[in-house]
A.B. asks: 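Here you go, one structure.
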Protein chains: 4
Amino acid sequence: MARPKPLNRRADILDAARDTFNARGFAGARMDDIARAVGISKAALYLEFPSKNALFQALVSELIETMLPQAAPADFGDLSAELILRNFIAFMAERLTDPQMAFVPRVIIGEGANFPELAAFYHRHVIGRGLGILERIIRHGIGRGELVCADLPQATRTIVGGILLAAIWKTTFEPVGAEPIEPSAMAQAHADTLLCGLLVRKDAA
Amino acid sequence: MARPKPLNRRADILDAARDTFNARGFAGARMDDIARAVGISKAALYLEFPSKNALFQALVSELIETMLPQAAPADFGDLSAELILRNFIAFMAERLTDPQMAFVPRVIIGEGANFPELAAFYHRHVIGRGLGILERIIRHGIGRGELVCADLPQATRTIVGGILLAAIWKTTFEPVGAEPIEPSAMAQAHADTLLCGLLVRKDAA
Amino acid sequence: MARPKPLNRRADILDAARDTFNARGFAGARMDDIARAVGISKAALYLEFPSKNALFQALVSELIETMLPQAAPADFGDLSAELILRNFIAFMAERLTDPQMAFVPRVIIGEGANFPELAAFYHRHVIGRGLGILERIIRHGIGRGELVCADLPQATRTIVGGILLAAIWKTTFEPVGAEPIEPSAMAQAHADTLLCGLLVRKDAA
Amino acid sequence: MARPKPLNRRADILDAARDTFNARGFAGARMDDIARAVGISKAALYLEFPSKNALFQALVSELIETMLPQAAPADFGDLSAELILRNFIAFMAERLTDPQMAFVPRVIIGEGANFPELAAFYHRHVIGRGLGILERIIRHGIGRGELVCADLPQATRTIVGGILLAAIWKTTFEPVGAEPIEPSAMAQAHADTLLCGLLVRKDAA
DNA sequence: TATGAATGAGATTTCATTCAT
DNA sequence: CATGAATGAAATCTCATTCAT
C-alpha cells in the first residue's frame, strides 16, 4: 500500500485530538485514544507533536485562527451597530456552543492555571482580539449616536460573559440534566437584554 | 503525639483542601498533599471524608452555604428590584473573585465533564439556586412594574455570565498579563449595562 | 445503664465472627465488621483477642470442641462398626454443610497456605482427631470381623473426602447454579458406596 | 535491554502467576510479585492481561484444557470399567497433587465465594466435565454387568472427594507436618475401597 | 518513517493494629 | 473497661513518554 498522504497526517491528528479533548478534557484525554482515533500508533503522534501540551496548543491555535476573522466585518461602513452586534453575538454563540469548539474555553478555564503559556496565548489571541472587535462595534454605535456606554471594557465582558456561560452550560451542565439551551434563541434574548436593558423604558421604543 | 484539637480537624482539612484544589485543580490535587498540609496521615483524611469526590463536594457545599444566603434578602418586601439586583451583582462579584472561592467555578468548568457527579452537584446546589434567586428578583421587579424581561432564564444567564467571566479573568488571565479588574467597579458597570441597556434611551432616564 | 453482662461478651464476638468469616472468608472479613456486628468498638475486640488470627483460631476451636465429641461414642462396646460409621458420616455431613460451620473448611483450605499456624492448628485439632476417630471405628470393625481395610489412613481420607466435597459443593457451587445436595441422602449414598463398593457382589449381601 | 523473545512472554507470565497463586492464594498474590518473577514491570503485565481476575482465569483455563482430555479415553470400547476408573483416579490424583495444579482447587474453594464468576466457570468447565466423565464410566460398568450403583451423582462425588482431599492434604497440611501422601499409592487404595467396599465380602473375590 | 513493547512514577483507597484518654 | 482517632504499609491499576527495531 502507498502510505496514505502524509500531508493529511497532521490534520487528522488535530481532528482526533479535538474530539478527544472535547469528550474528556485535557487531563482526561489519553494519547492512546487520540492515536487510535487517527489509526496510527501512539509513537507516531510524538513524531508530529513533541508532547500532549504542544498538541493541545497547536489545536487551539488552529481553531481560533479559522474562527475569529468571520466574527465581524472588517469595515462596518454604514451598518447599524445593533445589527453588527446582534450578528456578532449570534455568530459567537453558535461557534462556542458547537461541539467542535466547546472544549476550548472549558479547558482553558480549567487548566489555564497549570499551563500559563496556554492562558497567555489564549488571552492574547482570543480574548484580546474578541474583545477588541466588540469595542470597535460599540464605538461605531456611539459614533452613530446609536449606543451609549460608560465603561467600554466592562461592557464587552458583560457581552462575552453571557455567551461563555451558554457554552459552558451546554457542555458541562446539559449532560447532567440542565434544561437545554438553543443557541440562536439564547443569542437573541442575550442581545435583547444587553441592548434594551431590564428597566422599563418610558420612551416609545 | 498529642491529638490536636479534634474540633478543628474537619475545618483544617477543608482549608488545606481549598488551597490544594486552588493550586492544582481537582485531578491534579493529591490526597497526599492535602494530608501533609494538614499534618495528618492520608488515612486520617479518609476517616473524615470517604473519598476525594466527597471532600471536594463538602468543600464546595461549605463555601456555597455560607455565601448564597447573604446574596439577597429572603423577603424582598418593598425594596426596589434595581437595588436588590445591584447588591446581588456586587456581592457575587466580590465573592467569586475572592481567591478563596475562585477555584470552584474553575474546577467545575474544567473537569466537570470527567466527574459528572461533581457537575451535577454543582448544577443543583449552586447554579440552580443562584439562578433561582435571580429569577425571584426579576419577577419581583416585574411585579412592581419596574422591570421587563421577555426571557427570564436567559436573562439570569446574561447576568451571571458577566460575573463569571470576571472571576475567570481574575484568576486565569490577570496572572498572565491581563488588565486587572476591580470587582466593585466591574459590578457597577455590569449592572448599569444590564439595567439600562446599550441603546440610547429617549426617555428622561 | 448497667454494662450488659460482660460474660456474654466473648460469646457475642465469636457469634459475630462466625457470621462474618462465613460471609467473606478470612482475608475478606474486616475487624470493623465484626465489631460493628457485636455493637462494640474495634479496640474492644482486641481486649478479648490479641489478633484476627487468634480470634479465628478461637472460633474454630470452639466450633470443633462442641462438634467432635458428638461424632462418635467414646466407647464402641458391642456396636456394629457399620452402624457407628453410618452415624459418623451422617453426623459430619450434617454439621459440615450447616451454614454455621461451612466456612471453616473453606477458609482453612483457601487461606491455610497464608496462615500456617491456622493450617497446623486445624490439622492437629480437627483433621487429626477426626481421622483418628475414623481409624478407631474401622479398627473396631476389623476386630469384629466385620470390615476389611488394607490401607487404613487412606480409607479414612476416602471417607472424609466425600463429606468435605459435599460441604464445598453446598457453599461454593450451589450458589452458582449447581444441583443442590440433601445432606442426609448424600450421607446414606456415600456410606453405601464406601461399605459395599461399586463392584457387583456375588455373595448374598 | 534487549527485548526477550516476545513469543514466550505470555507463557512466562502464566508460569510466574501459577507459582505466585500457588504460594499465596488469589487475594494474597501481588501483581508486583508476578511481574518481578517474570522480570518485567507491573505495567507490562497489564499489557497482556487486563486485570488480576483475567490473569487467574486465563491460567486456570489453560491448565484445565490441557488436563481434562487426558483423564479418560473418549470411547470406552470393550475396556473393563474397573480399569478405566482406576486409571482415571490415578491420573487425577497425580495431576491434582502436582504442585503446578494444586493451587487451583484451593483458590476456587477458598475464594470462590468472593469471586462468583470464578466459581461458576470452574463448576461448569471442571467439576461438571469431570463428574460427567465419571458418570459415563460407571454407566459403562453397569451396562457390562460389572458395577452397581444406586445413586450415580453421589457416587461420583464420593470418588472425586477422596482425590480432592488428597490434593488439599498435600498442599495445605503436608507443609505443616502432616504425614506425606504418595499419589499413586493413595490412588490405588482409594480405588480399592471404592470398588470393593469396606464390608467383608463373603464371595470368592 | 513507524511502531509495538515497555516502564517509572504515581494515584486512590483499605485495614489490622495501637494508644491516649 | 472502653473507645475514637490515628496510621503505616500495601495493593491494584493508569498513562505520558521512550526506544530498539
Side-chain angles (χ1 to χ4, degrees), chain A residues 3-4 6 9 24 26-35 38-55, chain B residues 1-6 9-10 24 26-35 38-55, chain C residues 3-4 6 9 24 26-35 38-56, chain D residues 1-6 9 24 26-35 38-55:
Chain A
R3 267 186 261 132
R9 169 58 50 91
R24 322 192 102 86
F26 181 78
R30 286 166 304 177
M31 295 296 266
D32 255 331
D33 294 338
I34 297 174
V38 187
I40 61 175
S41 75
K42 225 185 336 179
L45 235 50
Y46 282 85
L47 293 176
E48 207 75 41
F49 300 96
S51 73
K52 200 184 181 184
N53 271 11
L55 170 54
Chain B
M1 311 293 157
R3 239 182 295 144
K5 13 177 173 151
R9 172 54 47 87
R10 193 187 162 90
R24 322 192 102 83
F26 182 78
R30 288 168 305 174
M31 294 297 265
D32 249 338
D33 293 340
I34 298 175
V38 187
I40 60 176
S41 74
K42 232 183 330 178
L45 230 52
Y46 282 87
L47 288 180
E48 208 73 44
F49 301 97
S51 71
K52 197 184 181 184
N53 267 13
L55 171 53
Chain C
R3 267 185 261 134
R9 168 60 48 91
R24 322 191 101 85
F26 181 78
R30 285 165 304 175
M31 294 297 266
D32 255 333
D33 293 339
I34 298 174
V38 188
I40 60 175
S41 74
K42 226 184 335 178
L45 235 50
Y46 282 87
L47 292 178
E48 208 73 42
F49 300 96
S51 73
K52 198 185 183 184
N53 271 10
L55 170 54
F56 183 79
Chain D
M1 312 292 159
R3 239 182 295 145
K5 11 177 177 152
R9 172 54 46 90
R24 323 193 102 83
F26 182 78
R30 289 169 303 175
M31 294 298 265
D32 249 338
D33 293 340
I34 298 175
V38 188
I40 61 176
S41 73
K42 226 185 335 177
L45 230 52
Y46 283 88
L47 288 180
E48 208 74 42
F49 300 96
S51 72
K52 199 184 181 184
N53 267 13
L55 171 54

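Below, chain A is the first sequence line, B the second, and so on; all start at residue 1.
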A.B. asks: Begin with the C-alpha distance, continue with both residues' side-chain angles, and end with the deciding distance and a verdict on side chain to side chain contact (heavy atoms under 4.5 Å, CB included) for C/L47 and C/R9.
C.D. replies: CA-CA 11 Å; C/L47 292 178; C/R9 168 60 48 91; over 6 Å; no
A.B. asks: For B/N53, which residues count as a side chain to side chain contact (heavy atoms under 4.5 Å, CB included) partner, sequence neighbours excluded?
C.D. replies: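 Result, side chain to side chain contact (heavy atoms under 4.5 Å, CB included) vs B/N53: B/F26, B/S51, B/F115, B/E117, B/L118.
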A.B. asks: Which is true for A/A35 with a 4.0 Å heavy-atom rule: it touches a base, it touches only sugar-phosphate, or it touches nothing?
C.D. replies: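 No contact.
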A.B. asks: Among all residues two or more places apart in sequence or in another chain, which pass the side chain to side chain contact (heavy atoms under 4.5 Å, CB included) test with A/Y46?
C.D. replies: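 With sequence neighbours excluded, A/Y46 shows a side chain to side chain contact (heavy atoms under 4.5 Å, CB included) to A/M31, given in chain and number order.
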A.B. asks: Do B/K42 side-chain and E/dT13 base share a donor-acceptor contact under 3.5 Å?
C.D. replies: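 Yes, a donor-acceptor pair under 3.5 Å.
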A.B. asks: Expressed in angstrom and rounded to an integer, what is the separation of D/N53 atom CG from F/dT12 atom P?
C.D. replies: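 Rounded to whole Å, this separation is 11 Å.
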A.B. asks: Among the nucleotides E/dT12, F/dT17, F/dT7, which one has an atom lying closest to any side-chain atom of A/M31?
C.D. replies: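 The answer is F/dT17.
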A.B. asks: What pairs with C/R24 under side-chain hydrogen bond (donor to acceptor under 3.5 Å, both in side chains), at least two apart in sequence or on another chain?
C.D. replies: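 Expected list: none.
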A.B. asks: Just how far, in rounded Å, is C1' of E/dT14 from CZ of C/R30?
C.D. replies: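 Taking CZ of C/R30 and C1' of E/dT14, I get 9 Å after rounding.
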A.B. asks: What is the distance from CD1 of C/I34 to P of E/dT17, rounded to the nearest Å?
C.D. replies: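 After rounding, the gap between these two atoms is 11 Å.
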A.B. asks: Apply salt bridge (Lys or Arg N to Asp or Glu O under 4.0 Å) to A/K42 and list each qualifying residue two or more places apart in sequence or on a separate chain.
C.D. replies: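 Salt bridge (Lys or Arg N to Asp or Glu O under 4.0 Å) check on A/K42 returns A/D32.
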A.B. asks: Kindly state which residues belonging to residues 43-52 of chain B come within less than 4.0 angstrom of DNA chain E, counting heavy atoms of the residue only, listed by number.
C.D. replies: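 Under 4.0 Å from DNA chain E: B/A43, B/Y46, B/S51, B/K52.
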A.B. asks: Which value, rounded to the nearest 0.5 Å, describes the distance between B/L55 atom CG and B/R10 atom CZ?
C.D. replies: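 These two atoms lie 9.0 Å from each other.
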A.B. asks: Roughly how many Å is it from CG in B/D32 to P in F/dA9, rounded to a whole number?
C.D. replies: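 Spelled out: CG on B/D32 to P on F/dA9 is 14 Å.
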A.B. asks: Ignoring backbone atoms, test whether B/R9 places a side-chain nitrogen or oxygen under 4.0 Å from the OP1 or OP2 oxygen of F/dA6.
C.D. replies: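 For F/dA6, OP1 or OP2 has a side-chain N or O of B/R9 closer than 4.0 Å.
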A.B. asks: What pattern of brackets, bars and dots sums up DNA chain F from 5' to 3', given Watson-Crick or G-U wobble pairs under 3.5 Å, [ ] for crossing pairs and | for another strand?
C.D. replies: .||||||||||||||||||||
